[in-house]
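Lettering follows sequence order; numbering is per chain, from 1.
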Amino acid sequence: MVGTRTGRVPMSDTSTPSGGDRYDWHTAQDRWLPVWEKLDQFRASEYPADRPRKYVLDMFAYPSGDLHMGHAEAFAIGDVVARYHVLRGYAVLHPVGWDSFGLPAENAAIKRDLDPAKWTYANIETQAESFKRYAISFDWSMRLHTSDPGYYRWTQWLFLRMFERGLAYRKESAVNWCPQDQTVLANEQVVGGRCERCGTAVTKRSLTQWYFKITEYAQRLLDDMTALEGHWPERVLTMQRNWIGRSEGARVSFAVEGRTEPVTVFTSRPDTLYGATFMVVAADSALADELCAPERRAELAGYLEQVARLSDIERQSTDRDKTGVFLGRYAVNPVNGERIPVWASDYVLADYGTGAIMAVPAHDQRDLDFARQFDLPVRVVVDTGAPDPAQTGVATPGEGTLVNSGPIDGLTKGDAIRRIVDILAERGVGAATVSYRLRDWLLSRQRFWGCPIPIVHCPTCGEVPVPEDQLPVRLPELSGADLRPKGVSPLASVAEWINVACPRCGADAHRDTDTMDTFVDSSWYYLRFVSPYDDQRPFDPAELRKWMPVDQYIGGAEHAILHLLYSRFFTKALYDMGLIEFTEPFKALLNQGQVILNGASMSKSKGNLVDLGEELRKYGVDAVRLTMIFAGPPDEDIDWADVSPAGSGKFLARVWRLASEVGAAETTRGEGDTEVRRVTARTVHEATQLVETHRFNVAIARLMELTNALRKAVDQGPGAADPAVREGATILAIMLSLFAPYCAEECWSKLGHAVETGDTVSRAPWPRAEPALLAEDTVVCVIQVNGKVRGRIEVPTSIGADDLRDRALGTDTIAGLLGGAEPSKVIVRAPKLVNVVLPA
RNA sequence: GCCCCCGUAGCCCAACUGGCAGAGGCAGCGGCCUCAAACACCGCACGGUGUGGGUUCGAAUCCCACCGGGGGCACCA
C-alpha cells in the first residue's frame, strides 16, 4: 500500500532551529486524512444548486496493481484543476472509477489459478485507499467499475442500440492471430508484429468478428474537430486527422472482359487515367477469386498460400520486392478503350477503397516497382520535367502538364482532374468521391474477462438481441485453467451458459461467446458518471444536462487516437439516437507527459521502476505531488532523476514554519504593511492567470517568491504580527492547497481556522487581487542607444510618449552620446522603453 | 522516407508573445550557527539562448538552412 506510516526516514526532519515547530508531514497526513474523510467535502450533489458547474475528469485507471508514478502525475494534475474550480466557487464533478475489464486480470488469474474478479477487485481496493491517502479531491459517491454487472448491463444495452441501427454488425475478415497462444489478438496486443505476451510472430487469419461502423462517422469526426481547436493539444488533433485519412479522388469503372459488372477502382489521381497500364486487385479479396481465369487458379492459390505464410513483420517491410500473379483477364480503360491486364497482389489492400486499383506506374512508385518486377509497360502522362521513370525506376508523382492524354492534354493537375471527372460522369463510368483510411472498429475478443456480447445465434432467426429485461448477460464464474487460451473464447466451453432458447422462436440456440473490447467500456463511462447508480437507464438526462460535456479531460497522450476517437464516435452515435444532446464529449483536453528515469521510460523489464510507495514513504504525499507539478509544464515528461522531492519538502517546511510563526503572533489591527500587501496581490494576480492557463510549475514559483517575501517581512520587516503578513500567509495556504493539501490544511489550522468543524482550506474562497494594489505609480524605463541599454530613468506609469522621449534625450548619458547631433530615429514604447538610433 | 514538437546557466525550468536574458528550484561555493557537523538562516550567476544566415531601431521570440533530441505515420492508391 502506498504511503503508509511504516518506514519513517529522517528525510522529513527538515526542522527549524531548536524549539520551533518543525515540518512534519507524517503528523499532517495522519491528522487531516480522517477529518477529510468524515467531512467528505467534494460531493458534486452537495454544492448549492446555484453554483456554476465544472466537470473535471481524469482518464480512469486500470487496476493492474497499486498506483504508480504515472498515476501520481496524472491525478495530481487533474486534482489541481478540480481543486482550483472548487475554490473558485464552482460545483465540481470529479468522479473516480476503474476500467476494470481486460486481459491482465485474465492472465493473472490463469497464472495464479484464481478468479479474475477477485484479482481485479482486490487491486481496486488497494488503489482506492492509495487515492484517498494521495488526497485526490474525488467525489467518492460517484464511483464505478466497468466490470460491475450494474455497469456492463448498460454497455450491453448500448451495444443493442448500435445493433438496431446497423452500427454493430458481423463480417468475416483477416485478423491478428497468435499461433502460439491460439488466439486472436487486438491491434494493441501486437507489438512490432509480435505477440505482446509470448513474442511469437503474428499472422493473419480470416474470422467472423463484430464491428462498429465508425467509418460512417468519418466525416463528422473530422469536421467537428474545428470546435476542439485551441482546447485540445494540436498534436492529438493532427494524429486523429491522419488516422481518419480523408482522401479526395474519383471512382472509375473499368469494364472487364467476360464479366457483366464493371470493376470500380478508387484513385486520388484521376488525371493520370491515360497512364493506367494495368489493374491490380487485392490478392486476398473475393474479387480476385472471382476474376481469376480457370487456368490461373492454381497459381493464385499458391500465391495466397505464400502471402498467408508471411508474418506481419515481413508483410510490413517497405523495401520488400513486389509480388503478384496475373489473373488471366483483361479490363478496358473507359477513356481510351485500351485493354489492360488484371493482376492480383498483396500490395493492394482489400479493405481500403474498392480493393482494386488502376496502376499508373509512371507516376506512382509502388505501381512502378510492380511494373518493373513483371515487365509491364510504363507510360508518362504528366510531364514534370523529371527524367523518364521507365529508365530511372523513380516515379514522378509531382505536378506538371498532361501529355498522351487526349482531351486533357496540356492541362495542369487541378484542371485535368476536374475535366476528366466531368467526362467520366457524362459517360456514367465514374464520379468524384472521397475515401477514408479509417477502418471499422473490430470490437469482439475471444476472451473471458470482458463484457459479453448480448446476442443469441439461432439457426432459424439468425442474430437475435437478448431482450432488455434479460440484461445483463452475466459472465459465468470461471477461474484458473478454465481460462487458458484454446483458440475460441473460454465462454464457448461453458455449456450451461451458451445453450439458451432463442428469444424470438424458442428453438435451441446459443449465446455469442465473444466479449467486447475494453475500449467499448471506456467509450461511455464519462456519461455514466453523472448517475452511476441509476438502474433504470444508462444515464439520467437531467444530470447529463447539468454536467456534460466534460469541461476538462486529463490523461496521457497514449490515448490520442483510440480511446478519444472511439468516445467521440459513441457521443455522435448516441446523439443521433436522441439519447444525448451534444456531439462532442470533451470540451478541453490536457495531455500530461510521462514520468521517466535517466532519459528512459520506466518499465518492469528494464528494471528501472521508481516505486511510488517508496517515494511517498520517504517524502510524503505533498512533496511528491508538488514535485510532479513543479517539475515543468504538465505536458512535458518528468525525469525523476532531474527533480528533487527533498527540495519540495524544503519549500513546504518554509511555508509551515511561516504559518506557525504568524499563527502564534498576536496580529495587530489595520491593513498592515503596504509593500507586503502589494507582493501578495501581485502573486494572487499572476498565480491565478498561471493556473488558468495550466502553467502550474510557474504558479508554484510565484508561491515560492511570496514565501520568500513573507519570510523577509517577518525577519527584517514589519514582523509576524503585521496584518498584511497574516493576510499573505493565509492566501499562501489557500493557493498552496491545490498542490500540497496536507501542508496547506495544517497551515490553515495554524492560522486559526477550526478545520475539524468544517472550516477547511478547501472551502476557503480563492483570493482576489485588489486592483489598487496592482497599480504601480512609477516604473523604471530603459533607455537604449542602438538597441543597447545605456541608462535607466524612473518615470510615472502614465507618462506620455512625447514627454518620455524628451526626458530620455535630456539625460546626461544620452546627451553625451549624441554630442549635439540629431538622432536619426527615436522609438518610444511608453512607459518602459526608449531606443535612440544614432546616425550612421 | 514523410509530417509534427522541442533545444535558454552543471541540471529542471521562467522571460508580459518582438523591448533590460533570469523569476523559482536542484546541485555547488561562501557566510552564520556548532567543540565539530547536520539542519535552519543569509548571500553568490560575464550562459547571451544548438549552429549559420536573414528580417527589424531592437530577435530566445518571426523567416530559411543545417545539427541534435522526442513523437506520429509509413505499400491507404
Side-chain angles (χ1 to χ4, degrees), chain A residues 10 13-18 20 22-23 233-236 238-239 241-243 245 247 249 265-269 272 280 315-320 322 345-349 351-360 363-367 369-370 397 435-439 557 560-561 593 596 599 626-627 630-633 635-639 641-648 650-651 653-654 657 686 689-690 695 697-708 711-712 715-716 780-792 823-827 829 832-838:
Chain A
D13 293 343
T14 43
S15 55
T16 55
S18 56
R22 57 171 55 179
Y23 174 57
E234 196 50 48
R235 244 183 47 242
V236 174
T238 305
M239 281 165 71
R241 281 195 192 96
N242 291 342
W243 188 263
S247 168
V265 302
F266 172 76
T267 176
S268 63
R269 293 293 303 274
T272 63
V280 187
R315 195 195 321 275
Q316 284 165 6
S317 146
T318 324
D319 51 351
R320 179 180 140 232
K322 291 277 179 290
S345 173
D346 64 351
Y347 87 90
V348 171
L349 307 175
D351 56 355
Y352 181 77
T354 61
I357 63 157
M358 63 178 212
V360 184
H363 307 297
D364 183 291
Q365 191 60 48
R366 297 154 300 181
D367 296 346
D369 292 344
F370 193 85
S435 191
Y436 301 89
R437 127 202 247 143
L438 181 70
R439 304 299 150 84
I561 299 175
I596 62 174
L626 191 71
T627 303
F630 184 56
D635 54 342
E636 275 176 30
D637 288 351
I638 300 172
D639 195 324
D642 289 337
V643 295
S644 170
S648 300
K650 240 151 90 175
F651 165 63
R654 282 167 67 80
R657 180 176 154 227
E686 287 184 30
Q689 293 302 312
L690 290 163
R695 289 148 70 209
N697 56 323
V698 190
I700 292 170
R702 295 290 169 267
L703 299 191
M704 290 172 169
E705 278 180 85
L706 176 59
T707 307
N708 294 343
R711 178 80 259 151
K712 200 166 239 170
D715 291 344
Q716 301 160 38
V780 173
C781 175
V782 172
I783 306 171
Q784 297 180 335
V785 176
N786 290 340
K788 293 204 171 79
V789 181
R790 290 291 184 232
R792 293 183 171 81
S824 67
K825 203 171 183 181
V826 181
I827 287 107
R829 293 282 177 272
K832 286 168 90 174
L833 179 129
V834 176
N835 187 15
V836 182
V837 186
L838 296 180

(message) Quick check: any donor-acceptor pair below 3.5 Å linking the side-chain of A/K832 to the base of B/C20?
(response) no
(request) Give a yes/no answer on whether the side chain of A/R241 brings an N or O atom under 4.0 Å of OP1 or OP2 in B/G72. (result) no
(request) Please tell me if the side chains of A/N697 and A/P633 come closer than 4.5 Å, counting only heavy atoms from C-beta onward. (result) yes
(message) Between B/A36 and B/G31, how far apart are the two P atoms, rounded to whole Å?
(response) 13 Å
(request) Take atom P in B/C41 and the same atom in B/G52, then report the distance between them in whole Å. (result) 42 Å
(request) Hey, can you tell me if A/Y352 and A/F266 have their rings parallel, tilted or perpendicular (30° and 60° cut-offs)? (result) perpendicular
(request) Please report, rounded to the nearest Å, how far the C1' atom of B/A14 is from the CZ atom of A/R702. (result) 7 Å
(message) In whole Å, I'd like the distance from the CD1 atom of A/I561 to the C1' atom of B/C3.
(response) 13 Å
(message) Please confirm whether the shortest side-chain N or O distance from A/N708 to OP1 or OP2 of B/G25 is below 4.0 Å.
(response) yes
(message) If I take atom CG in residue A/D367 and atom P in nucleotide B/A77, what distance separates them, rounded to the nearest angstrom?
(response) 12 Å
(request) Can you tell me, in whole Å, how much space there is between the C1' of B/A15 and that of B/C3? (result) 30 Å
(request) Determine, step by step, whether A/V826 and A/N835 satisfy the side-chain contact (heavy atoms from CB on, under 4.5 Å) criterion, reporting the C-alpha distance in whole Å, the side-chain angles of both residues, the deciding distance to 0.1 Å, and the verdict. (result) CA-CA 6 Å; A/V826 181; A/N835 187 15; over 6 Å; no
(request) Using both distances under 3.5 Å as the test, list the Watson-Crick or G-U wobble partner of B/G1, or none. (result) B/C73
(request) State which of B/A14, B/C75, B/A77 makes the closest approach to the side chain of A/V698. (result) B/A14
(message) Which is it for B/U56, anti or syn, if anything within 90° of zero counts as syn?
(response) anti
(request) Go through B/A77, B/G19, B/C73 for me and flag the one nearest to the A/S247 side chain. (result) B/A77
(message) Judged by each residue's nearest nucleotide on RNA chain B, which is more toward the 5′ side, A/Q784 or A/G632?
(response) A/G632
(request) Whole angstrom is fine here: how far is it from CZ in A/F630 over to C1' in B/G24? (result) 5 Å
(request) Round to the nearest Å and state the distance from A/I827 atom CD1 to B/G18 atom P. (result) 16 Å
(message) If you assign A/R695 and A/T238 each to the RNA chain B nucleotide with the nearest heavy atom, which residue ends up on the more 5' nucleotide?
(response) A/T238
(request) Identify whether any heavy atom of A/D642 sits under 4.0 Å from a base atom; if not, whether one sits that close to sugar-phosphate; answer base, sugar-phosphate or nothing. (result) sugar-phosphate
(message) Would you measure the distance from the P atom in B/A21 across to the matching atom in B/G47 and give it in whole Å?
(response) 15 Å
(request) Carefully, step by step, assess A/Q784 and A/R790 under the rule side-chain contact (heavy atoms from CB on, under 4.5 Å). (result) CA-CA 5 Å; A/Q784 297 180 335; A/R790 290 291 184 232; over 6 Å; no
(message) Of the options B/C73, B/A77, B/C13, whose atoms approach the side-chain atoms of A/R437 most closely?
(response) B/C73
(message) Measuring to OP1 and OP2 of B/C57, would you say a side-chain N or O of A/K825 lies under 4.0 angstrom away?
(response) yes
(request) Tell which nucleotide pairs with B/A65, taking only Watson-Crick or G-U wobble pairs whose two distances are both under 3.5 angstrom. (result) B/U51
(message) Does B/G25 have its OP1 or OP2 closer than 4.0 Å to a side-chain nitrogen or oxygen of A/N697?
(response) no
(message) Tell me whether the side-chain N/O atoms of A/K712 come closer than 4.0 Å to OP1 or OP2 in B/G43.
(response) yes
(request) With heavy atoms under 4.0 Å as the rule, sort A/V789 into base, sugar-phosphate or nothing. (result) sugar-phosphate
(request) May I ask you to check if A/K322 and A/F370 form a cation-pi contact, with NZ or CZ under 6.0 angstrom from the six-membered ring centre and within 45° of the axis? (result) no
(message) So, taking the atom named CD in A/Q716 and the one named CZ in A/R711, what distance separates them when rounded to the nearest 0.5 Å?
(response) 9.5 Å
(request) Starting at atom NZ of A/K650, determine the distance to atom C1' of B/C39, rounded to an integer number of angstrom. (result) 10 Å
(message) Work out how far the C1' atom of B/A45 is from that of B/C4, and round it to whole angstrom.
(response) 36 Å
(request) Would you mind calling B/G48 syn or anti? Take O4'-C1'-N9-C4 for purines or O4'-C1'-N1-C2 for pyrimidines, and syn is within 90° of 0. (result) syn
(request) Provide the Watson-Crick or G-U wobble partner of B/G18, both distances under 3.5 Å; none if there is no partner. (result) none
(request) Pick the P atom in B/G68 and in B/G24, then give their distance to the nearest Å. (result) 36 Å
(request) May I ask you to say what A/V348 touches in the nucleic acid, namely base, sugar-phosphate or nothing, with a heavy-atom cut-off under 4.0 Å? (result) base
(request) Could you check which of B/C73, B/A23, B/C41 has an atom nearest any side-chain atom of A/A701? (result) B/A23
(request) Considering only atom P, compute the distance from B/G69 to B/G50 and round it to an integer number of Å. (result) 16 Å
(request) For the side chain of A/F266, starting at C-beta, report the closest nucleotide among B/G25, B/A77, B/C73. (result) B/A77
(request) Could you tell me the separation between the CD atom of A/E705 and the P atom of B/G25, rounded to a whole number of Å? (result) 8 Å
(message) Assess the residue pair A/Y347 and A/D367 against the criterion (side-chain contact (heavy atoms from CB on, under 4.5 Å)); give the C-alpha distance rounded to whole Å, side-chain angles, the decisive distance to 0.1 Å, and a yes or no.
(response) CA-CA 9 Å; A/Y347 87 90; A/D367 296 346; 2.7 Å; yes
(message) Between B/U56 and B/C63, how far apart are the two P atoms, rounded to whole Å?
(response) 16 Å
(message) At 4.0 Å (heavy atoms only), tell me whether A/R439 reaches a base, stays on the sugar-phosphate, or touches nothing.
(response) base
(request) Look at the side chain of A/S824 and the backbone N and O of A/V837, then say whether any donor-acceptor pair between them is shorter than 3.5 Å. (result) yes
(message) Rounded to whole Å, please give me the gap between OH in A/Y352 and P in B/A74.
(response) 12 Å
(request) Ignoring backbone atoms, establish whether A/Y347 has a side-chain N or O less than 4.0 Å from OP1 or OP2 of B/A77. (result) no
